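This report refers to the structure that appears directly beneath it.
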Amino acid sequence: MSDDQRRLYEQLATAVFELDEKLATILAQEVLDRGYDAWQAVERGLLEGVNRAGKLFDEEEYFVPELLIAADAMYAGLAILRPHIKTHQTGFNRRVVIGVVQGDTHDIGKNLVRIMLEVAGFEVHDLGRDVPPQKFVETAIAVKADVIALSTLMTTTMERMGEVVSILEAEKVRNRFKVIVGGSPLSQQFSDRIGADGYAPKAAQAVELAKRLVGLSNAA
Amino acid sequence: MAQVHFRSHDISVEVEQGASLLDAARRGRIRLDAPCNGAGTCGKCKVRLDDAARDAAHVVDSAKLSEAERREGFVLLCTTLVDGDLALDLPVGAEHGLKILEDGQQIDLPLSPWIAKRHSPERDVTELLAGGQAIAEERGDTTPYTYGLAVDIGSTTLVAALIDLNTGARVNSGSALNPQARYAQDVLSRIKLGSTAEGLELLSREVISEINRLIGALVDEARIPRRRIYEAVFAGNTCMLHLAARVDPEPLGRYPYTPTLTGDAHLSAKSLGLAIAKTGLVYVPPVVSGFVGADITAGMLSTSLADLQGVTLFVDIGTNGEMALARDGLLQATSTAAGPAFEGMNISCGMRAARGAIERVSLTGGDVHVQTIGDAPPVGLCGSGLLDAVAELAVHGVVETSGRFTKNRAALPSALQARFAKRDGKPAFHLTDEIYLSQGDIRQVQLAKGAVRAGIDVLLRRNGLDAAQVDRALIAGSFGYHLTVRSLIDIGLFPPEFDGKVTYVGNSSQTGAEALLTHAPSRARLAELARAVEAVELANDEAFTKIFVAAMAFPRPERAALDDVA
């Protein structure tokens with residue numbers, strides 16, 4: 001990799017991190033114009049940028065708006081680069097089925113986690129919001145998911161998460177999937193009670209949790 | 001069994017071993033805030049135990065306590081289990097001196113109550129009429145004694161007014177805290193608790209008993225027998241009405257939040273357990289949706305919202321920021337999940353609007369000045385103080401428009417620089433030696449004010465309007481009453497175009513309930529209006545996330561104040 005290539009990827013990462021969607025678009029085009037590898041630009045530029053934004057989010061330096069705007073910048077760059085990605089070396093082949101449980105339509109938190117999982121290299125199947133418990137199970141089986149990630153903002157809908165675990169057990173497929181839960185009314189105790197495999201209080205921690213549960217890292 | 005002695009309240013309670021101190025306090029009927037209902041997640045029931053008490057208790061550790069607090073012997077009541085006899089002091093009654101707003105803008109309507117009396121001299125009996133139909137008979141001439149009750153059932157406070165139905169005059173009024181808050185703080189937690197048969201029974205009994213107690217105090221003072229109250233009007237949000245009427249609130253807790261009780265109904269007071277005349281009625285005003293309730297429709301009535309020409313925005317700023325946009329009589333309404341930050345919850349030094357709460361903050365002259373409720377020594381920060389503080393921090397460049405504490409502290413006046421400190425390794429800004437705002441607190445305010453502003457912007461956008469086209473903005477509710485327009489604009493909760501167009505209408509839910517009590521024809525009219533109101537579900541608006549995200553930012557400061565620090 002040439003210095004010039006490295007410099008351009010770094011600029012791309014900085015553009016995303018500094019929330020400059022327009023610059024990210026221009027730089028992504030520049031990658032193509034100079035004939036550099038699109039996948040490398042995604043990995044070392046776009047994803048790296050969102051990663052840095054995610055770190056600041058975790059430290060409370062960045063907040064929901066910054067992270068979503070960084071993600072917009074990443075997606076804008078990705079739209080240009082994606083048709084030119086030759087290799088299918090996308091991530092490490094671990095799949096997550098994610099969604100907001102039935103009865104709840106608040107999906108900003110779920111979207112943040114989805115973005116961060118994608119950036120971390122997971123293949124994410126987003127079922128959206130107000131998702132019936134059965135649908136999580138069916139999709140997880142169909143796509144051979146490793147992780148089922150459940151989100152809710154409301155105290156009144158959190159019990160739906162337990163139903164997903166119950167259905168997995170009833171269908172005798174519980175041990176095929178790791179179930180992780182998140183959302184502001186939740187706690188570790190709740191997660192333990194419904195028999196989930198893990199709870200993450202914050203978006204960035206959800207990624208660490210997912211990685212740990214699928215055996216990609218040992219971090220606690 | 002073990003004895004728990006609450007020294008501060010001089011109350012002793014006997015409980016089984018393994019019961020929590022929170023349970024013990026509840027059994028002693030001591031009022032305490034436990035927003036999470038003992039789940040150990042809110043950290044509000046913090047108390048200090050001495051060594052002897054600690055030895056007689058099993059303390060379950062909580063992440064809500066800092067290292068320093070643990071060292072000093074602080075525990076959470078809800079996660080501390082009783083092993084043997086022990087004694088402790090509770091913090092001074094946090095709810096002492098709580099501000100409750102009883103009044104609001106009134107509408108001038110002729111006297112025409114639902115309840116009337118007719119005396120027939122030949123039989124010497126008095127007929128009781130409800131909506132023109134005779135429902136009961138009393139011996140003698142009781143026509144001079146005809147009373148009604150207007151009640152605003154707020155999730156935090158209850159307000160009741162005793163009205164003479166012969167004159168329309170308010171004879172007496174009073175207020176109390178909604179006791180349901182002891183079991184579940186926010187509306188969603190109450191829906192959850194009320195979704196079980198025992199929970200519904202508990203919440204319903206608690207609120208009705210407290211209203212009965214309030215009625216007792218009002219009639220005793222006015223020297224009127226309870227049985228001369230023939231009707232009560234219950235205004236309140238949709239959930240409060242379900243709970244008061246003992247109707248399962250479960251459907252309100254899930255999309256599409258469909259209410260079972262739609263209002264404009266006359267119920268039997270006896271069946272609800274309300275201690276007024278045996279034949280008495282309870283009128284429940286119409287609701288628009290699961291999250292736009294009778295408190296808002298009552299407010300629509302008392303502010304004549306549907307009769308105003310031009311564009312009017314009606315906003316109740318609170319945990320559920322409900323709002324309605326009226327355009328020459330056409331109404332749209334929505335609600336936003338602002339969360340409990342405005343009530344001082346989930347804020348490091350937050351508290352309710354009670355004695356000692358900082359309610360005003362100013363950063364003029366290069367340093368912090370605070371004013372507390374009752375001019376007492378500051379003990380925490382209530383919602384209005386929080387909003388003031390964050391507005392001033394934004395205006396004076398202490399926080400950036402993104403909400404982050406400034407990286408350029410050197411540009412601030414030295415007195416402000418000196419107010420930064422580290423709490424748990426993260427930056428915090430001190431208003432006093434003890435009271436501070438963390439970065440997380442400012443994020444909570446951003447979420448809350450962003451939600452309300454997003455609601456306003458979505459309603460305007462759906463109507464193709466911009467903020468400048470709004471002719472007037474009405475602020476309802478007791479929280480909004482304590483806010484200044486300056487802070488609301490500085491923080492970005494209102495667009496700057498609202499400057500000079502804002503009116504405070506106070507507790508318009510209460511005054512609307514009174515209007516419905518004394519002017520029965522308004523009932524059918526309001527029911528018709530409520531049916532015509534379009535309920536907007538923000539989460540279904542495609543632009544909501546983008547608008548919400550934009551609304552979380554603070555406006556760029558334009559005031560001269562910034563020149564001090566530039």
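A quick note: this is a predicted structure, and the numbers were derived from the prediction, not measured. First the proteins, then the strands, lettered A, B, ... as listed; each starts at 1.
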Structural part of B:Phe405 lying under 4.5 Å from a heavy atom of chain A |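 Contact with chain A involves no heavy atom of B:Phe405 at all.
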Where on B:Glu537 is there a heavy atom nearer than 4.5 Å to chain A: the side chain, the backbone, both, or neither?
->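 For B:Glu537, the contact with chain A is made by the side chain alone.
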Between [X] and chain B, which part of the residue has a heavy atom less than 4.5 Å away: side chain, backbone, both or neither?
X        : value
A:Phe190 : neither
A:Gln102 : neither
A:Asp72  : side chain
A:Glu66  : side chain

For residues B:Ser348 and B:Asp441, is any side-chain donor paired with an opposing acceptor at under 3.5 Å?
-> yes
Taking atom types as modelled and ignoring hydrogens, do the side chains of B:Gln180 and B:Asn178 form a donor-acceptor contact shorter than 3.5 angstrom?
->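 Their side chains do contain a donor-acceptor pair, which is all the 3.5 Å distance test asks for.
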Selection from A:His106, A:Arg160, A:Glu159 maximising heavy-atom pairs under 4.5 Å formed with chain B |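 Among A:His106, A:Arg160, A:Glu159, the one with the most close pairs to chain B is A:Glu159.
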If you tally heavy-atom pairs under 4.5 Å against chain A, which of B:Glu250, B:Arg404, B:Lys407, B:Met552 wins?
->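 Between B:Glu250, B:Arg404, B:Lys407, B:Met552, the count favours B:Arg404.
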Look at B:Gly253, B:Gly403, B:Ala553 and state which one has the largest set of heavy-atom pairs under 4.5 Å with chain A.
->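 The residue among B:Gly253, B:Gly403, B:Ala553 with the greatest pair count is B:Gly253.
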Geometric cation-pi criterion, A:Arg95 with A:Phe122: 6.0 Å, 45° |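 No; the conditions do not both hold, so A:Arg95 does not lie above the ring face of A:Phe122.
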Are A:Glu10 and A:Arg6 ion-paired here, with the side-chain N under 4.0 Å from a carboxylate O?
->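 Salt bridge flag = no for A:Arg6 with A:Glu10.
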Lys/Arg-Asp/Glu bridge criterion (N-O < 4.0 Å) met for A:Lys110, A:Asp126 | yes
Heavy-atom closest contact (B:Arg190 atom, B:Gln185 atom, distance) = NH2-O, 2.8 Å
Are the ring centres of B:Phe420 and B:Tyr436 closer than 6.0 Å?
->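 No; B:Tyr436 has its ring centre 6.0 Å or more from that of B:Phe420.
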